[in-house]
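Small disclaimer: the values here were computed from a predicted structure and weren't measured. Convention: sequence-line order gives letters A, B, ...; per-chain numbering from 1.
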Amino acid sequence: MAMQHRAPRGTADILPSDQKYWRYIEGKARDLSRRFGYSRLDTPVFEDSGLFVRSVGEGTDIVEKEMYTFLDRGGDSNTLRPEGTAPVCRAYLEHGMQNLPQPVRMYYFCPVFRYERPQAGRYREHHQFGVEALGVGDPSVDAEVVELAWSLVSSLGLADTSLMVNSIGDRECRPAYIDKLKEHYTRSKGQLCRDCLDRLDRNPLRLLDCKQASCQGLGMEAPRSVDHLCEGCQDHWDSFQRYLDTMGLPYRIDHHLVRGLDYYTRTVFEIQPKEEGGQSTILGGGRYDGLIEQIGGKPTPGIGFATGMERLVLNLKRQEVPVPDEPSPDYMVISAGDGARDAALDLAARMRRSGAGAILSTAGRALRGQLRQANALGVRYALILGDDEISRGEVTVRDMSSSEQEAVSVDSFLEKLDEGR
RNA sequence: GUGAGCGUAGCCAAGGGGUCCAAGGCGCCUGACUGUGGCUCAGGAGAUCGUGGGUUCGAAUCCCACCGCUCACCCCA
């Protein structure tokens, strides 16, 4: 279609017909967050570019080629938020939340921006719901966050999802592990795909989740991060699993699970649907004990996760999960004849003032057409006003499903509306 | 950034050089003795056939370029 303007590549309008999915997810996420003691935090759509460079990591794809960065008129470099965690940590520091009872539990809904080639489940602007628990490093917090994540996905009614967890160690033990990993892959360099040759020095952890058959073979025999944890990480990992067991969460350990952002430490986890699609992960998170320090705070532990709203919607639709419709008004006010237009406007206005929902039918259409409209919009009652009704101070209330109708006085109709609430 | 597929009305879609100033369906609007919907019937509006160039007497149909969309890789929610 040749159009002057269309939504930019990788962005999308969320149409009225799709809103029910979004409101459904938001409702569940908000309720759960509250139940777990999380409070909402909103941060700006853009931040100082340095925040993301320092937190997400200089060598990551996000920072290297995916950020929407612009200079403002004052010459400052700003970046449209490419992820949600760093801004939350920034806000934690900026507002002295270290002085609140720890951990500080917060959640957010926000758009995030990454300049990538769009495909199924991946967009340049997408929306995330996420939670963060800051200030406490105890593994029980990890377990709590994972439970929240799992509860969310289950409460949405998504079936056949799996919860994968892993520990990737911390600054103390990870470097040694990565050396082992490199060693392992270097020995069989010849079998590596081109991308993996690249990963070997850029991001060795990612070698583990390469999808190429030859690399996967190597991955099977690769050293596991959980076998190379330092004492602290080992204890953390053991307790974390025990807590998950205690809560009966159906997790699986995935030794190849790593996350793409530099700031992750120890616990990492993901939830994915069973069907293997390209962009399948619907939720991902982990611990980031070094992040706050990286952006200028005192060493402060933290853990959280984010979900992709678009991916959740995609899966809700795919699985045909029944999602409640958005409520719409019960009444449409119809005027038979032009003379009744004023009375119709007046009735609709009075109904709305008393809190009821009333749609005005389109002026100038025949009664038939107006009823057709009422039918198409699915309202419960049509309120018909014509000369007859007006002269008697009445309105004809037609039940659209039973086709029964009766004339009642406008006053008593409005009174009943009031009583109804 | 790389690779593949696709672009005909709001949506689905036929047509693959002349009979196409483009079929059909959904949706939308109107009407069926001028106050009554959902079914049916009739009518109507809506398309620079993605854009530009080329081949040809003639192009929605063939060729080229560009743009856009989709999917996959990379990476991630």
Touch class at under 4.0 angstrom, heavy-atom based, for A:T60 against every strand present: nothing
Neighbour count above 12 (heavy atom, 6.0 Å) for A:F109 CZ: yes
Distance-only side-chain donor-acceptor flag, A:T396 / A:E389, under 3.5 Å: yes
Atom C1', compared across B:G50 and B:G7: separation rounded to whole Å: 6 Å
Any-strand Watson-Crick or G-U partner of B:A22, both distances under 3.5 Å: none
Sugar-phosphate, base or nothing in reach of A:A306, heavy atoms under 4.0 Å: sugar-phosphate
Flag if over 12 foreign heavy atoms under 6.0 Å of CG, A:D338: no
Positive for side chain to side chain donor-acceptor pair (under 3.5 Å) with A:E26, one of A:K28, A:R30, A:R23: A:R23
Sugar-phosphate only, base, or nothing, as touched by A:G121 at under 4.0 Å among non-hydrogen atoms: base
Sugar-phosphate, base or nothing in reach of A:L312, heavy atoms under 4.0 Å: nothing
Residue A:A120, side-chain heavy atoms: nucleotide from B:A77, B:G38, B:A72 that is nearest: B:A72
Whole-angstrom distance between B:U19 and B:G58, as gauged at atom C1': 13 Å
Value in whole Å for how far the P atom of B:C75 lies from CZ of A:F52: 22 Å
Watson-Crick or G-U wobble partner of B:C73, both distances under 3.5 Å: B:G1
Sub-4.5 Å side-chain heavy-atom contact between A:Y108 and A:T43: no
Nearest-nucleotide comparison on RNA chain B, the residue closer to the 5′ end among A:N203 and A:P8: A:P8
C1' spacing across the pair B:G16 / B:A59, given as an integer number of angstrom: 11 Å
Any side-chain donor near an acceptor of the partner, A:E147 and A:Y243, under 3.5 Å: no
Nearest-Å distance for atom pair CZ/P, residues A:R124 and B:U70: 11 Å
Sugar-phosphate only, base, or nothing, as touched by A:L367 at under 4.0 Å among non-hydrogen atoms: base
Complementary nucleotide of B:C29, counting Watson-Crick and G-U pairs under 3.5 Å: B:G43
B:U48 pairs with, by Watson-Crick or G-U criteria that keep both distances under 3.5 Å: none
Distance between C1' atoms of B:U61 and B:G18 (Å, rounded): 11 Å
Complementary nucleotide for B:G68 - Watson-Crick or wobble, under 3.5 Å: B:C6
Phosphate OP1/OP2 of B:A77 contacted by A:Q128 side-chain N/O (<4.0 Å): no
Shortest side-chain distance from A:E389, nucleotide among B:C75, B:G35, B:G31: B:G35
Sugar-phosphate only, base, or nothing, as touched by A:D388 at under 4.0 Å among non-hydrogen atoms: base
B:U36 pairs with, by Watson-Crick or G-U criteria that keep both distances under 3.5 Å: none
Protein-nucleotide distance (A:R368, atom CZ; B:G31, atom P), rounded to Å: 7 Å
Filtered N/O pairs between nucleotides 2-4 of chain B and protein, under 3.5 Å:
residue: B:U2; atom: O4; partner: A:R117; partner atom: NH1; Å: 3.1
residue: B:U2; atom: O4; partner: A:R117; partner atom: NH2; Å: 3.4
residue: B:G3; atom: O6; partner: A:R117; partner atom: NH2; Å: 3.2

Nearest-Å distance once atom P is located in both B:A23 and B:A9: 13 Å
Proximal nucleotide (of B:C33, B:G35, B:C69) relative to the A:R6 side chain: B:C69
Whole-Å gap separating P (B:C75) and CZ (A:R311): 14 Å
Nearest-Å distance once atom C1' is located in both B:G68 and B:U8: 15 Å
More than 12 heavy atoms from other groups under 6.0 Å of OH on A:Y68: yes
Side-chain H-bond candidate by donor/acceptor type, A:D170 with A:H236, under 3.5 Å: no
Sugar-phosphate, base or nothing in reach of A:Y123, heavy atoms under 4.0 Å: base
A:F46 and A:F70 aromatic centres sub-6.0 Å: yes
For atom CD of A:Q373 and atom P of B:G27, their distance in whole Å: 16 Å
Who pairs with B:G16 - Watson-Crick or G-U, where each distance is under 3.5 Å: none
Whole angstrom value for the distance that separates P of B:G5 from CD of A:Q119: 17 Å
Value in whole Å for how far the C1' atom of B:C75 lies from CD of A:E270: 12 Å
Pairwise P distance, B:G25 and B:U40 [rounded to whole Å]: 13 Å
Selection from B:C73, B:C75, B:U36 that lies nearest to any side-chain heavy atom of A:E66: B:C75
Euclidean distance for P, B:A42 against B:C26 (whole angstrom): 11 Å
Touch class at under 4.0 angstrom, heavy-atom based, for A:R259 against every strand present: sugar-phosphate
Residue met sooner reading RNA chain B from 5', once A:K65 and A:G285 are mapped to nucleotides: A:K65
Any side-chain heavy-atom pair of A:V131 and A:R105 under 4.5 Å: no
Between B:A77 (C1') and A:E26 (CD): distance, integer Å: 16 Å
B:U36 OP1/OP2 closer than 4.0 Å to side-chain N/O of A:Q405: no
A:R372 vs B:G38: side-chain N/O to OP1/OP2 distance below 4.0 Å: yes
Touch class at under 4.0 angstrom, heavy-atom based, for A:G386 against every strand present: base
Candidates B:C73, B:C75, B:G31 - which lies nearest the side chain of A:A366: B:G31
Pair A:F413 and A:Y381, ring centroids less than 6.0 Å apart: no
